[in-house]
Q: 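If you scroll down you'll find the structure; I have some questions about it.
All figures in this text were calculated on a predicted structure; none of them were measured in a lab. Numbering of ligands and ligand atoms starts at 1, following listing order.
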Amino acid sequence: MHIDDVGCVDGATGYLTIDLGALGRNYLALSHRAGPNGAAAVVKADAYGLGAERVAKTVYERGCRHFFVAQFMEAAKLRPALPQDASILVLNGLQPGNEDICAYENIVPVINSMEQWRNWSRTARELGRRLPAALQFDTGMSRLGFPPEERPQLAAEIARGTDIDILFLMSHLASADKAESIQNWEQLEELRAIAEEFPGHKLSFANSGGLFLGNPYRVGLARPGVALYGGVPSDYPSSIEAVVRLDVAVIQTRTVPAGTKVGYGGVHVTHKETRLATIAAGYADGLPRSLSDRGAVFFDGVRLPVVGRVSMDSITIDISALPDGTIRLGSLVEVIGPNRTLEDVASEAGTISYEILTGLGHRYHRQYR
Ligand SMILES: *Cc1c(COP(=O)(O)O)cnc(C)c1O
């Protein structure tokens with residue numbers, strides 16, 4: 001592909017294509033997999049960098065009614081974009097001072113501690129109405145949620161009567177990406193204990209990885225995030241489609257003799273005559289510096305290795321595998337796409353798809369399909 005084919009939109013030299021059709025199908029597949037309670041959509045961090053509003057509206061149309069963000073500000077921003085029958089829940093919990101605005105804006109806090117429970121209960125009393133919440137329990141991750149020692153007290157307060165409508169009891173898996181990890185089973189057992197201590201409530205447990213751990217983990221409302229966006233390991237038995245494609249323009253080409261240094265530090269030295277191209281994206285655009293001298297981009301299905309260090313605004317690639325003249329100023333190479341998946345990029349960079357997705361910068365022209 002050449003930049004003329006896309007019309008050099010906004011003068012951009014990078015094109016991030018987000019396939020909302022695939023995203024919608026991923027939601028339906030995950031929701032189906034989750035069972036009768038279906039799936040929420042985790043749209044924190046601007047829907048893993050893909051645009052919370054567009055993503056949330058897409059899955060709302062597919063029947064999604066629960067949306068998780070991390071922070072109150074994300075919820076406040078998303079609220080006007082969704083109909084009132086959509087619940088927007090704040091995973092990080094209820095922060096002091098946000099109680100009234102949560103209540104007025106119809107934002108649902110995930111209550112993570114006795115202190116937050118009391119603050120939310122007080123708000124309900126003061127406003128003279130019932131307020132919704134999800135209760136999150138720590139089942140072994142030591143990150144967020146009621147610690148085990150607070151459970152008896154919470155149970156006692158609920159038994160005495162409460163102004164809080166408990167939408168569901170939830171917990172989060174720490175090792176869902178490792179099917180063989182015993183921690184998954186330990187956390188499930190702990191969740192079962194919680195369900196007995198707080199009878200009569202719905203549950204919410206599995207994230208993306210949890211949905212692929214087997215039947216026992218598909219309890220209640222699932223909370224997939226990364227799988228919606230196509231970020232699943234390729235060995236998963238799933239029908240999850242890629243959602244993101246990234247094409248970046250060539251901004252210069254050259255031919256250099258053997259023994260030529262390439263990029264910062266001169267760490268790469270050519271061992272034969274080499275044709276090089278420089279493309280217009282670097283670590284400021286979310287392509288980590290750890291990709292230096294590793295991995296590759298593609299053009300017409302041909303692999304073009306990254307050579308030398310990743311710069312802030314550019315990466316140099318070896319285009320010798322292609323006939324001379326194939327790659328020229330304005331050629332678009334595939335950085336993420338059918339030949340080089342999000343997962344490939346993440347593993348080459350020594351990280352996870354989440355970090356690649358959320359890091360994709362704002363200098364790309366974004367197109368939603
Ligand atoms: C981020 C998050 C999720 C979504 O996790 P994925 O692995 O992206 O599916 C679900 N639940 C909680 C509590 C989270 O923090």
Side-chain angles (χ1 to χ4, degrees), residues 23 26-34 37-52 55-56 59 64 66-72 74-75 78 87-94 108-113 116 133-147 167-179 181 183-184 187-188 190-191 194 202-213 217-233 236 238 240-244 342-343 346 351-360:
L23 176 93
N26 287 347
Y27 173 74
L28 290 178
L30 291 162
S31 185
H32 178 74
R33 196 174 181 88
N37 292 288
V42 178
V43 295
K44 62 194 179 189
D46 201 25
Y48 293 42
L50 301 188
V55 164
V59 294
C64 183
H66 295 90
F67 300 82
F68 285 90
V69 294
Q71 304 182 354
F72 168 77
E74 295 180 301
L78 185 59
S87 298
I88 303 179
L89 299 105
V90 181
L91 288 167
N92 279 4
L94 184 63
V108 183
V110 171
I111 298 294
N112 285 325
S113 67
Q116 292 177 19
L135 304 185
Q136 177 163 229
F137 295 87
D138 176 20
T139 54
M141 193 175 180
S142 312
R143 187 178 73 167
L144 290 170
F146 286 94
L167 302 188
F168 37 80
L169 315 174
M170 58 178 275
S171 193
H172 187 49
L173 287 160
S175 301
D177 55 334
K178 288 199 181 52
S181 171
Q183 194 179 11
N184 293 319
Q187 288 193 266
L188 180 62
E190 191 67 7
L191 181 77
I194 292 162
K202 292 181 179 159
L203 300 175
S204 172
F205 193 40
N207 64 336
S208 301
L211 279 174
F212 296 95
L213 287 176
Y217 293 87
R218 297 181 219 163
V219 288
L221 178 74
R223 301 187 310 275
V226 78
L228 288 172
Y229 313 114
V232 290
Y236 273 41
S238 77
I240 300 303
E241 295 177 44
V243 171
V244 171
L342 181 60
E343 208 61 32
T351 182
I352 52 176
S353 53
Y354 304 68
E355 196 175 21
I356 299 295
L357 275 177
T358 56
L360 291 173

Q: How far is atom 11 (N) of ligand 1 from its nearest protein heavy atom, and which residue and atom is that?
A: Arg223 NE, 3.0 Å

Q: What atoms in ligand 1 come closer than 4.0 Å to a heavy atom of Tyr48?
A: 1 (C), 4 (C), 5 (O), 6 (P), 8 (O)

Q: Just so I know, are the side chains of Ile240 and Phe212 near enough to count as touching, which here means a heavy-atom distance under 4.5 Å?
A: yes

Q: Counting non-hydrogen protein atoms only, what is the nearest one to atom 5 (O) of ligand 1? Give residue, atom name and distance.
A: Asn207 CB, 3.5 Å

Q: Is there a polar contact between ligand 1 and Leu91, counting only N or O atoms under 3.5 Å apart?
A: no

Q: Can you check whether Gln71's main-chain N or O pairs, donor with acceptor, with Asn92's side chain at less than 3.5 Å?
A: no

Q: For ligand 1, which atoms, with element, lie under 4.0 Å from some heavy atom of Pro224?
A: 9 (O)

Q: Could you check whether any side-chain N or O of Gln187 sits under 3.5 Å from a backbone N or O of His172, counting only pairs where one atom can act as donor and the other as acceptor?
A: yes

Q: Report yes or no: does Asn184 contribute a side-chain atom to a donor-acceptor pair with the main-chain N or O of Lys178 at less than 3.5 Å?
A: yes

Q: Is a donor from one side chain sitting under 3.5 angstrom from an acceptor on the other, for Asn112 and Gln136?
A: yes

Q: Polar-atom distance check: Gly225 versus ligand 1, any N or O pair below 3.5 Å?
A: yes

Q: Quick one: sort the Tyr217 and Phe205 rings into parallel, tilted or perpendicular, breaks at 30° and 60°.
A: parallel

Q: Checking contacts here: is it the side chain or the backbone of Arg143 that comes within 4.0 Å of ligand 1, counting heavy atoms only? Could be both or neither.
A: side chain

Q: What protein heavy atom lies closest to atom 9 (O) of ligand 1? Include the residue and the distance to one decimal.
A: Ser208 OG, 2.5 Å

Q: Is the shortest heavy-atom distance from the side chain of Leu191 to the side chain of Phe137 under 4.5 Å?
A: no

Q: Among all protein heavy atoms, pick out the one at the shortest distance from atom 14 (C) of ligand 1; state its residue, atom name and that distance to 0.1 Å.
A: Lys44 NZ, 2.9 Å

Q: Looking only at distances, can you tell me whether any N or O atom of Gln136, backbone or side chain, sits closer than 3.5 Å to an N or O atom of ligand 1?
A: no

Q: Return the minimal non-hydrogen interatomic distance between Ile88 and Ala75, and the atom names on each side.
A: CG2-CB, 3.7 Å

Q: State if Phe68 counts as touching ligand 1 under the rule of any non-hydrogen atom under 4.0 Å.
A: no

Q: Examine distances only and state if a side-chain atom of Arg33 and a backbone atom of Leu211 form a donor-acceptor pair shorter than 3.5 Å.
A: yes

Q: Which protein heavy atom lies closest to atom 7 (O) of ligand 1, and at what distance to 0.1 Å?
A: Tyr354 OH, 2.6 Å

Q: Distance under 4.0 Å to a non-hydrogen atom of Val226: what atoms of ligand 1 satisfy this?
A: 6 (P), 8 (O), 9 (O)

